[in-house]
*Asks:* 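Structure incoming, see below.
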Amino acid sequence: MTKTYNNKAWFLVLPVLFLVAMNAVIPLMTVVNYSLQETFGDNLFFWAGTANYEAVLSSERFHTALLRQFIFTFTILAIEIPLGVAIALAMPKSGPWASVCLVLMALPLLIPWNVVGAMWNIFSLPDIGLLGWSLNSLAGAISSLLNLPPDQALTFNYTNQIGSAWFVVILMDVWHWTSLVVLLAYAGLRSIDDAYYRAAKIDGASRWAVFRYIQLPKMRQVLIIAVLLRFIDSFIVYTEPFVLTGGGPGNATTFLSIDLVKSALGEFNLGYAAAMSVIYFLISLFVCWLFYTLMTQSDAKREYEQ
Amino acid sequence: MTDVPAGSAMAQADAASRTVPATRTRPQKPLRLKWLVPTLYIIFLMLPIYWLVNMSFKTTNEILSGISFYPANFTTDSYVEILTNPVWYWGYINSITYVVLNTILSVCVALPAAYAFSRYRFLGDKHLFFWLLTNRMAPPAVFALPFLQLYSSVGLFDTPFAVALAHCLFNIPLAVWILEGFMSGVPKEIDETAYIDGYSFPKFFVKIFMPLIASGIGVTMFFCFMFSWVEMLLAKTLTSVQAQPIAGVMTRTASSSGYELGLLAAAGVLTIIPGAIVIYFVRNYIAKGFALGRV
């Protein structure tokens with residue numbers, strides 16, 4: 001569509017600009033302000049320059065939290081994107097069953113995040129939760145099968161085992177968010193005209209060829225949105241893992257947001273937390289810019305082709 | 001696609017499968033097991049929910065005494081407690097209040113803005129759009145403390161308005177983004193014809209344009225509702241007693257009176273219900289809405 005050049009359009013954008021600016025710019029200024037100062041309480045602030053930034057960037061704790069964050073984000077992306085596409089491919093194409101699938105699959109997306117955390121907390125309790133109990137029974141059976149001595153027997157307890165905690169956190173995220181990828185991929189698949197499939201059938205294309213050369217290119221656009229949303233949302237995740245594990249055992253599942261809130265509210269280290277906020281925000285901004293460029297480029301390419 | 005594509009892709013697929021059934025059936029391939037994949041996935045999705053519902057009908061003693069797959073002493077005490085205790089049910093009312101406020105506010109201001117982005121080029125439009133999107137990417141944890149100071153200083157702390165306004169941070173960009181996608185699907189000739197016929201901009205927008213993108217508005221409202229309903233960090237930070245959301249009530253009760261798992265589970269089940277109702281109403285538009293109108 002060719003757009004008219006008209007600067008009066010700014011008037012239509014003003015209310016949005018006002019509301020978002022109030023919510024984004026003022027708090028961001030506050031954060032930047034704190035990040036440049038040092039406080040010892042009593043509302044006394046001292047100019048600290050870039051000392052806080054240096055402290056964050058050189059701190060072991062920030063590095064490990066960042067590393068943990070990236071491991072978590074890439075793990076869930078590697079699971080959720082292929083799984084979501086596979087489920088979307090297998091879903092009924094229309095009719096009442098398609099509606100049933102959509103409604104049931106969308107359900108986890110509308111559960112408040114703290115309830116998701118609490119629900120998985122209860123679900124995974126080692127002795128009285130369904131998942132924890134099942135895994136422990138399974139682990140017990142395997143241990144006795146392998147004749148492991150009692151002190152080496154396999155157990156599952158996410159409150160004191162790092163591996164178990166990670167397993168539950170990742171499984172929870174897969175449970176919570178795979179549906180988003182499914183719905184996006186499903187929307188992409190539904191937009192493919194049947195003529196493509198007929199043409200593929202006439203050409204005798206294999207199932208894989210249909211997927212690789214028809215379905216995947218048509219889903220490209222929505223999959224970029226899916227990766228973008230999942231990347232960002234998992235990068236800024238706070239509530240669910242915090243309610244589930246509290247960042248523990250130890251610091252094993254302390255992701256960036258949790259670490260940030262710990263240092264800001266828990267330790268009241270405002271300058272440090274603010275500097276960390278700014279760095280954190282810049283990282284997500286950079287990734288956002290990367291995806292946005294990718295998306296607008298493919299938009300432009302599509303318009304050029306038409 | 002020229003017309004408003006309200007599920008039209010689905011309708012096309014329907015029509016195609018009716019007229020050319022031969023292309024759909026592939027008798028030579030054993031595809032009978034295909035239904036297993038979504039079925040297993042849905043079972044996986046339902047298991048934790050089943051466990052929550054199961055627990056909500058048990059007494060806390062029964063929950064703690066050991067594992068059982070259904071409540072032995074079926075009790076609705078937890079639900080009765082929530083529905084009769086004002087602290088509990090006001091939590092729900094507060095949550096729904098700020099969610100509805102936020103949804104209306106976001107959609108109302110996003111409509112003209114999305115129209116501007118979809119129809120006009122103007123100074124700095126691309127940068128503005130990108131800046132809006134970056135706010136969708138801002139970690140709420142970063143903003144929690146500054147928000148607290150901001151809304152305390154303007155006297156809105158502990159009111160639903162504070163939460164409704166704070167949630168605009170991520171809901172308005174999202175609303176603009178989705179609506180822009182839907183609006184770009186409406187041909188510009190309609191605008192031009194209406195202006196030639198003598199419609200003023202507000203009249204054209206309300207009488208002609210909004211009905212054309214009605215499904216898009218519905219989907220946008222769904223998304224605003226969803227993200228405002230599920231977000232709890234800001235909602236909890238910006239309220240204390242008067243406007244406490246259900247999440248706040250849940251944590252408070254769980255910590256003060258021991259760990260009442262039955263009550264916690266029942267409260268959790270009740271938070272799922274509004275979402276389930278909303279999904280049911282938009283089920284035919286969900287798929288398209290999730291693609292943000294860009295398929």
*Asks:* Let me know if L169(B) has heavy atoms under 4.5 Å from chain A in its side chain, its backbone, both or neither.
*Replies:*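 Both parts, backbone and side chain.
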*Asks:* With a 4.5 angstrom heavy-atom cut-off, which part of I283(A) approaches chain B: side chain, backbone, both or neither?
*Replies:*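 Neither part.
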*Asks:* Is it the backbone or the side chain of M219(A) that comes under 4.5 Å from a heavy atom of chain B, or both, or neither?
*Replies:*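 Neither; nothing under 4.5 Å.
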*Asks:* Taking side chain as everything from C-beta outward and backbone as N, CA, C, O, which of these in V25(A) sits under 4.5 Å from a heavy atom of chain B? Side chain, backbone, both or neither.
*Replies:*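 For V25(A), the side chain is the part near chain B, not the backbone.
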*Asks:* Which atoms of T178(A) are under 4.5 Å from chain B, going by heavy atoms: the side chain, the backbone, both sets, or neither?
*Replies:* both
*Asks:* Is Y151(B) in contact with chain A via its backbone, its side chain, both, or neither, using a 4.5 Å heavy-atom distance?
*Replies:* side chain
*Asks:* Does the pair Y120(B) and W10(A) meet the rule for a ring pair (Phe, Tyr, Trp, His ring centres under 6.0 Å), with working shown?
*Replies:* CA-CA 9 Å; Y120(B) 299 110; W10(A) 263 100; over 10 Å; no
*Asks:* Can you say whether D127(A) sits under 4.5 Å from chain B via the side chain, the backbone, both, or neither, judging by heavy atoms?
*Replies:*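 Only the backbone of D127(A) comes within 4.5 Å of chain B.
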*Asks:* Tell me, side chain or backbone of L111(B) under 4.5 Å from chain A's heavy atoms, or both, or neither?
*Replies:*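 Answer is neither: L111(B) stays 4.5 Å or more from chain A.
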*Asks:* Output the distance between atom CG (L19(A)) and atom CG (N171(B)), rounded to the nearest 0.5 Å.
*Replies:*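 Nearest 0.5 Å value for the CG-CG distance: 11.5 Å.
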*Asks:* Which residue out of D125(B), I63(B), T39(B), V278(B) racks up the most heavy-atom pairs below 4.5 Å with chain A?
*Replies:*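 Heavy-atom pairs under 4.5 Å are most numerous for I63(B).
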*Asks:* Flag the one option from Y115(B), Y50(B), F122(B) with the top tally of heavy-atom pairs under 4.5 Å to chain A.
*Replies:* F122(B)
*Asks:* Within the 4.5 Å heavy-atom criterion, are F235(A) and P139(B) side-chain neighbours or not?
*Replies:* no
*Asks:* Non-hydrogen atoms of chain B under 4.5 Å away: do they reach the side chain of Y5(A), the backbone, both or neither?
*Replies:*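 When you check distances to chain B, atoms from both the backbone and side chain of Y5(A) fall under 4.5 Å.
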*Asks:* Distance check, rounded to the nearest 0.5 Å: I122(A) atom CD1 versus N54(B) atom CG?
*Replies:*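 Going from CD1 on I122(A) over to CG on N54(B), the span is 10.5 Å.
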*Asks:* Go through the atoms of W229(B) and report whether side chain, backbone, both or neither lie under 4.5 Å from a heavy atom of chain A.
*Replies:*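 For W229(B), the contact with chain A is made by backbone and side chain together.
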*Asks:* Between chain A and each of A116(B), P112(B), P48(B), P38(B), count heavy-atom pairs under 4.5 Å; write down the option with the most.
*Replies:*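 Of A116(B), P112(B), P48(B), P38(B), P48(B) has the most heavy-atom pairs under 4.5 Å with chain A.
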*Asks:* Do N114(A) and K236(B) have side chains that get closer than 4.5 Å, going by heavy atoms?
*Replies:*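 Counting from C-beta outward, N114(A) and K236(B) never come under 4.5 Å.
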*Asks:* Examine whether an atom of I246(B) lies under 4.5 Å from a heavy atom of chain A, and if so say whether it belongs to the side chain, the backbone or both; otherwise answer neither.
*Replies:* neither
*Asks:* Quick one: are T4(A) and R119(B) in side-chain contact, heavy atoms under 4.5 Å?
*Replies:*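 No. Closest side-chain heavy atoms not under 4.5 Å.
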*Asks:* In Å, rounded to the nearest 0.5 Å, how long is the span from CG of L228(A) to CG of L133(B)?
*Replies:*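 CG of L133(B) is found 8.0 Å from CG of L228(A).
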*Asks:* Non-hydrogen atoms of chain B under 4.5 Å away: do they reach the side chain of Y34(A), the backbone, both or neither?
*Replies:* side chain
*Asks:* Which region of W289(A), side chain (C-beta onward) or backbone (N, CA, C, O), has a non-hydrogen atom less than 4.5 Å from a non-hydrogen atom of chain B, or is it both or neither?
*Replies:* both
*Asks:* Would you give the length of the straight line joining atom CD1 of I279(B) to atom CG of L107(A), rounded to the nearest 0.5 angstrom?
*Replies:* 5.0 Å
*Asks:* Using heavy-atom distances under 4.5 Å, tell me whether T239(A) contacts chain B through its side chain, its backbone, both, or neither.
*Replies:* side chain
*Asks:* With the side chain counted from C-beta on, respond yes when V115(A) and M250(B) share a heavy-atom pair under 4.5 Å apart, and no when they do not.
*Replies:* yes
*Asks:* What part of T30(A) gets within 4.5 angstrom of chain B, counting heavy atoms only: side chain, backbone, both, or neither?
*Replies:*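 Contact with chain B is through the side chain of T30(A) alone.
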*Asks:* Does any backbone or side-chain atom of I26(A) lie under 4.5 Å from a heavy atom of chain B? Answer side chain, backbone, both or neither.
*Replies:*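 For I26(A), side-chain heavy atoms alone lie under 4.5 Å from chain B.
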*Asks:* Between the main-chain N or O of C168(B) and the side-chain N or O of N23(A), is there a donor-acceptor pair closer than 3.5 Å?
*Replies:* no
*Asks:* Can you tell which part of F205(B) gets under 4.5 Å to a heavy atom of chain A, answering side chain, backbone, both or neither?
*Replies:*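 Contact with chain A involves no heavy atom of F205(B) at all.
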*Asks:* For the residue pair W175(A) and F44(B), establish whether any side-chain heavy-atom pair is separated by less than 4.5 Å.
*Replies:*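 When only atoms from C-beta onward are counted, F44(B) and W175(A) do touch, with a gap below 4.5 Å.
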*Asks:* Please determine whether side-chain hydrogen bond (donor to acceptor under 3.5 Å, both in side chains) holds for the pair K3(A) and S118(B), giving the CA-CA distance in whole Å, both sets of side-chain angles, and the decisive distance to 0.1 Å.
*Replies:* CA-CA 8 Å; K3(A) 296 180 184 176; S118(B) 86; over 6 Å; no
*Asks:* Using 0.5 Å steps for rounding, measure from the CD1 atom of I49(B) to the CD1 atom of I111(A).
*Replies:*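 Answer rounded to 0.5 Å: 4.5 Å.
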*Asks:* For V13(A) and L128(B), which heavy atoms make the closest approach, and how far apart are they?
*Replies:*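 Minimum heavy-atom contact is CG1-CD2, 3.3 Å.
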*Asks:* Would a 4.5 Å heavy-atom cut-off, applied to side chains only, mark Q149(B) and P27(A) as touching?
*Replies:* no
*Asks:* What distance do F281(A) atom CZ and T134(B) atom OG1 have between them, rounded to the nearest 0.5 Å?
*Replies:*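 One gets 5.0 Å once the value is rounded to the nearest 0.5 Å.
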*Asks:* Could you work out, with side chain to side chain donor-acceptor pair (under 3.5 Å) as the rule, every residue matching R230(A), not counting sequence neighbours?
*Replies:*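 With neighbours one apart ignored, the set is E80(A), D173(A).
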*Asks:* Determine, stepwise, if the pair R136(B) / D233(A) fulfils side-chain contact (heavy atoms from CB on, under 4.5 Å).
*Replies:* CA-CA 9 Å; R136(B) 174 66 184 75; D233(A) 283 342; 3.2 Å; yes
*Asks:* Go through the atoms of L40(B) and report whether side chain, backbone, both or neither lie under 4.5 Å from a heavy atom of chain A.
*Replies:* neither
*Asks:* Are any of the side-chain heavy atoms of L110(A) and F222(B) separated by less than 4.5 Å?
*Replies:* yes
*Asks:* Tell me, for L14(A) versus chain B, whether the close heavy atoms (under 4.5 Å) come from the side chain, the backbone, both or neither.
*Replies:* neither
*Asks:* Name the region of L52(B), side chain, backbone, both or neither, that has any atom closer than 4.5 Å to a heavy atom of chain A.
*Replies:*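 For L52(B), the contact with chain A is made by the side chain alone.
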*Asks:* Taking the side chain as every heavy atom from C-beta outward, state whether W131(B) and V20(A) have any atom pair closer than 4.5 Å.
*Replies:* yes
*Asks:* Please state whether the side chain, the backbone, both or neither of L260(A) comes within less than 4.5 Å of a heavy atom of chain B.
*Replies:*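 Side chain of L260(A) only, per the 4.5 Å heavy-atom cut-off to chain B.
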*Asks:* Can you tell which part of V261(A) gets under 4.5 Å to a heavy atom of chain B, answering side chain, backbone, both or neither?
*Replies:* side chain
*Asks:* Not counting sequence neighbours, which residues clear side-chain contact (heavy atoms from CB on, under 4.5 Å) with A88(A)? List them please.
*Replies:*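 Applying side-chain contact (heavy atoms from CB on, under 4.5 Å) to A88(A) gives V182(A), A185(A), Y186(A), L189(A).
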*Asks:* How close do S179(A) and L45(B) get, heavy atom to heavy atom, and via which atoms?
*Replies:* OG-CD1, 3.8 Å
